[in-house]
Amino acid sequence: MKNKEIASRFNEIADILELRGENRFRINAYRRGARSVESLQRPIEEIAAEGALGDIPGIGKDLEAKIDEYLEVGSISFLEELRDETHQVLLDMLRIPGIGPKTAVLLYEELKLESLADLKRAALDHRIQGLPKMKAKTEENILKGIEFLERAQGRTPIGEAYPLAERIISALDELPHVTKISPAGSLRRFRETIGDIDILATSRKPGDVIEHFTHLDVVERVLAEGKTKGSVITTEGIQVDLRVVAEASYGAALNYFTGSKEHNIRLREIAIKKKMKLNEYGLFKKSRKGAEKRIAGKTEEEVYKTLGFPYIPPEIREDTGEIEAAREGTLPDLVEMKDIRGDLHFHSNWSDGTSSLTELAVAGKAAGYRYLIVSDHSKSLHIAHGLSEDRLREQMDEIDRINKRLSGFKLLKGSEVDILPDGSLDLSDDVLEQLDIVIVAIHSQFKMKRDAMTARVITALQNPYANILAHPTGRLLGSRDAYEIDMSAVIDAAAETDTAIEINAHPMRLDLNAATARMTAEAGVMISIGTDAHNPALEMRYMRYGVYTARRGWLSKEQILNTKTVTQLLRSLHHKRKQM
DNA sequence: GCCGTTTTCGGCCCGACTGTTTTCAGTCG
């Protein structure tokens with residue numbers, strides 16, 4: 001799948017054109033094309049093969065030819081020429097916060113830079129102040145920008161960002177004159193990683209709120225402090241932006257600051273066609289005399305309604321079809337936390353978890369669940385004290401004993417069985433047959449060739465007892481890439497063999513991711529959400545990241561295994577055993 | 001460079017904050 005490669009090349013073209021001061025609309029066309037290609041739900045090679053590149057929004061004749069060229073020869077000659085004429089340090093400088101194309105070119109030409117190290121040295125030697133429009137402050141900001149770049153590598157996982165945002169929000173919420181406060185941005189859309197944390201509030205005294213915010217304990221450095229907007233870096237190195245708006249604008253502002261940018265642009269374009277104007281202060285209509293009147297803005301619902309749409313939930317505001325679905329009245333009824341009846345991936349202290357079976361039952365019941373699976377590792381996974389077949393039988397007896405003492409709640413007998421390199425399972429069919437639910441997953445030999453890995457997983461799915469494929473791509477956010485595997489083939493096999501695929505809710509996994517989960521469910525495969533918790537006190541709450549990933553994948557509760565009752569769940573899973 | 005209920009040319013999302021300026025360009029989201 002070359003979507004990302006092509007998107008990044010279009011963005012690079014845009015960057016270079018911007019450095020050269022080209023027409024900004026031409027630049028924007030490349031950026032729009034890049035976004036469009038990156039957000040495609042399927043491999044661009046497939047679309048090219050169908051001759052349907054021109055149907056992608058933002059892709060016209062020119063960009064289509066460049067995509068074809070890249071797919072055929074692996075490069076784009078136009079970009080190669082641009083690269084030949086552009087020094088790398090110019091592109092490097094664009095990654096420094098505060099430096100845009102104009103400043104980059106000026107610094108490059110005046111200082112004869114060869115690298116970012118040169119720029120840092122120039123700043124330290126005070127050779128930047130004195131250049132046109134550059135003084136001591138500019139120099140200081142450039143140094144800070146370089147430091148930020150060196151320190152803050154990449155984005156923050158939502159599992160870190162969300163709790164931090166909640167702490168800041170609850171601290172600000174205590175202020176007497178803060179009336180409303182909410183997360184916004186990619187955090188509210190529950191993206192798996194967050195660039196910076198956006199928070200929106202309403203207050204009669206916006207300046208006081210901003211001032212309080214910039215003096216919170218978690219603040220290490222203040223980047224900006226205005227009348228309605230404050231921006232800080234926390235001690236963890238995460239940027240947090242706070243905006244304070246008036247009550248009458250809250251809905252419009254929440255919509256604006258939640259994004260995505262692509263979604264917002266679509267909404268604004270629609271507003272313009274309806275002779276309206278949408279900004280963060282509201283939705284406005286122009287009178288004949290040219291005066292503007294606010295016709296919506298207090299709530300998001302009001303903004304969408306006045307534009308002629310139903311409410312679109314934040315998690316799907318990515319311009320991947322939600323505007324069209326809203327127009328046609330076919331928006332999905334997204335799964336919610338309250339629909340979840342149980343956790344379908346959990347470890348006890350029989351393998352590498354921290355808690356006893358009884359403690360699991362107590363925690364599950366306290367969380368309001370009706371069931372919770374015990375899915376300890378199987379024998380091959382020595383490092384996690386995987387259970388032998390005898391130990392697993394003992395555990396099943398113990399679960400039976402505990403269940404007799406419970407009412408309205410059930411521990412399910414499960415196992416997270418290793419998929420061995422040849423695709424066979426680590427436990428015999430005799431034992432698997434006695435389990436309520438069999439999870440299969442890969443924990444070894446990650447570096448197999450793509451075809452072999454795909455065949456390995458498909459073989460496992462063909463076992464009549466395999467119910468759920470867990471963390472199917474093996475990726476760990478920020479530390480390990482997905483292994484080489486053809487997910488389209490795996491999804492097809494799951495559909496054929498009546499096997500579910502997991503959204504692993506652990507915030508460092510989120511595997512399946514939202515886009516693949518959407519593809520999977522569209523193929524008619526059931527999705528299971530499991531926290532993979534090893535410590536209930538800390539990790540059970542990860543369920544929300546799984547549910548929000550499902551929402552980002554457009555899933556309704558009918559497509560999620562663990563919204564079913566125990567009876568429905570076991571009946572649907574055991575259907576496969578009878579079939580095969 | 002793309003696009004069309006403004007349709008093959010002439011538009012293209014919009015405003016806050018900063019740092020340098022005396023009225024604004026650059027950057028960011």
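All figures in this text were calculated on a predicted structure; none of them were measured in a lab. Naming: A, B, ... by sequence-line order, numbering from 1 per chain.
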K.L.:
Find which nucleotide of DNA chain B each of A:Lys277 and A:Gln239 is nearest to by heavy atoms, and output the residue with the more 5' nucleotide.
P.N.:
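The 5'-side residue here is A:Lys277.
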
K.L.:
Does the pair A:Glu192 and A:Thr549 meet the rule for a side-chain hydrogen bond (donor to acceptor under 3.5 Å, both in side chains), with working shown?
P.N.:
CA-CA 8 Å; A:Glu192 57 200 28; A:Thr549 298; 6.0 Å; no

K.L.:
When the distance from CZ of A:Phe257 to C1' of B:dA16 is rounded to whole Å, what number comes out?
P.N.:
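Interatomic distance, CZ of A:Phe257 to C1' of B:dA16: 8 Å.
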
K.L.:
Between B:dC3 atom P and A:Arg268 atom CZ, what is the distance in whole Å?
P.N.:
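It is 21 Å, rounded to the nearest whole Å.
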
K.L.:
For A:Gln239 and A:Ser231, test the side chains for any donor-to-acceptor distance below 3.5 angstrom and give the result as yes or no.
P.N.:
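A donor-acceptor contact under 3.5 Å links the two side chains.
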
K.L.:
Would you say A:Asn279 places a side-chain N or O within less than 4.0 Å of OP1 or OP2 belonging to B:dG15?
P.N.:
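True: A:Asn279 side-chain N/O within range (under 4.0 Å) of B:dG15 OP1/OP2.
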
K.L.:
Would you say A:Ser231 reaches B:dC17's phosphate, i.e. side-chain N/O to OP1/OP2 under 4.0 Å?
P.N.:
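For B:dC17, OP1/OP2 do not have a side-chain N/O of A:Ser231 under 4.0 Å.
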
K.L.:
A:Ala29 side chain: which of B:dC2, B:dG19, B:dT27 is closest?
P.N.:
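Selected nucleotide: B:dC2.
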
K.L.:
Under 3.5 Å for both donor-acceptor distances, Watson-Crick or wobble: does B:dG19 have a partner, and if so which one?
P.N.:
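Its partner is B:dC24 (Watson-Crick or G-U wobble, both distances under 3.5 Å).
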
K.L.:
Have a look at A:Ile99 and say if it touches a base, only the backbone sugar-phosphate, or nothing, with a 4.0 Å heavy-atom cut-off.
P.N.:
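Here A:Ile99 touches the backbone only, sparing every base.
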
K.L.:
In terms of ring plane angle, is the pair A:His87 and A:Tyr108 parallel, tilted or perpendicular, where the classes change at 30° and 60°?
P.N.:
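The arrangement is tilted - the two ring planes meet at 30° to 60°.
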
K.L.:
Would you call the rings of A:Tyr545 and A:Tyr162 parallel, tilted or perpendicular, where under 30° means parallel and over 60° means perpendicular?
P.N.:
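Perpendicular: the ring planes of A:Tyr545 and A:Tyr162 meet at over 60°.
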
K.L.:
Can you check the distance between B:dT18 and B:dC12, where both ends of the measurement are the P atom (answer in whole Å)?
P.N.:
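Taking atom P in both B:dT18 and B:dC12, they lie 29 Å apart.
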
K.L.:
Rounded to whole angstrom, note down the C1' distance from B:dA25 over to B:dT20.
P.N.:
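B:dA25 and B:dT20 have their C1' atoms separated by 9 Å.
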
K.L.:
Quick one: do the A:Arg294 and A:Ser249 side chains pair a donor with an acceptor below 3.5 Å?
P.N.:
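The criterion, which ignores hydrogens and geometry beyond distance, is satisfied for A:Ser249 and A:Arg294.
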
K.L.:
Once the angle between the rings of A:Phe190 and A:Tyr548 is folded into 0 to 90°, is it parallel (under 30°), tilted (30 to 60°) or perpendicular (over 60°)?
P.N.:
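It falls in the parallel class, under 30°.
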
K.L.:
Take the protein atom CG of A:Leu254 and the nucleotide atom P of B:dG29, then report the distance between them rounded to whole Å.
P.N.:
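After rounding, the reported distance stands at 19 Å.
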
K.L.:
For A:Ile96, which contact category applies under a 4.0 Å heavy-atom criterion: base, sugar-phosphate, or nothing?
P.N.:
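Counting heavy atoms under 4.0 Å across all strands, the contact made by A:Ile96 is with sugar-phosphate only.
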
K.L.:
What's A:Asn141 touching, base or sugar-phosphate or nothing? Going by heavy atoms closer than 4.0 Å.
P.N.:
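It contacts sugar-phosphate atoms only.
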
K.L.:
Under 4.0 Å from OP1 or OP2 of B:dT21: is there any side-chain N or O of A:Lys135 that close?
P.N.:
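So the side chain of A:Lys135 is within the cut-off, an N or O lying under 4.0 Å from OP1 or OP2 of B:dT21.
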
K.L.:
Tell me the interatomic distance from A:Phe10, atom CZ, to B:dC2, atom P, rounded to whole angstroms.
P.N.:
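Taking atom P of B:dC2 as the reference, CZ of A:Phe10 is at 9 Å.
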
K.L.:
With rounding to the closest Å, how many angstrom separate the P atoms on B:dC13 and B:dC17?
P.N.:
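These two P atoms come out 23 Å apart once rounded.
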
K.L.:
Mind checking the C1' distance from B:dA16 to B:dT6? Whole angstroms is fine.
P.N.:
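Looking at atom C1' only, B:dA16 and B:dT6 are 30 Å apart.
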
K.L.:
Mind calculating the distance between CG (A:Leu242) and C1' (B:dC17) to the nearest angstrom?
P.N.:
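Distance check: A:Leu242 CG to B:dC17 C1' gives 14 Å.
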
K.L.:
For A:Lys273 and B:dT6, give me the distance from atom NZ to atom C1', rounded to whole Å.
P.N.:
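Rounded to the whole Å, the gap is 10 Å.
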
K.L.:
Just call it for A:Lys61: base, sugar-phosphate, or nothing, with non-hydrogen atoms closer than 4.0 Å on any strand.
P.N.:
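Result for A:Lys61 = sugar-phosphate.
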
K.L.:
Does A:Tyr281 put a side-chain nitrogen or oxygen below 4.0 Å from OP1 or OP2 of B:dA16?
P.N.:
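Yes, such a contact exists.
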
K.L.:
If I take atom CD in residue A:Glu225 and atom C1' in nucleotide B:dA16, what distance separates them, rounded to the nearest angstrom?
P.N.:
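Going from CD in A:Glu225 over to C1' in B:dA16 covers 15 Å.
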
K.L.:
Tell whether A:Tyr256 reaches the base of B:dG29 with its side chain through a donor-acceptor pair below 3.5 angstrom.
P.N.:
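Flag set: donor-acceptor pair detected.
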
K.L.:
When we call it a touch if two heavy atoms are under 4.0 Å apart, what does A:Ile27 touch: a base, just sugar-phosphate, or nothing?
P.N.:
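A:Ile27: no heavy atom of the nucleic acid under 4.0 Å.
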
K.L.:
Nearest whole Å is fine: how far is B:dG19 P from A:Lys137 NZ?
P.N.:
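From A:Lys137 NZ to B:dG19 P: 5 Å.
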
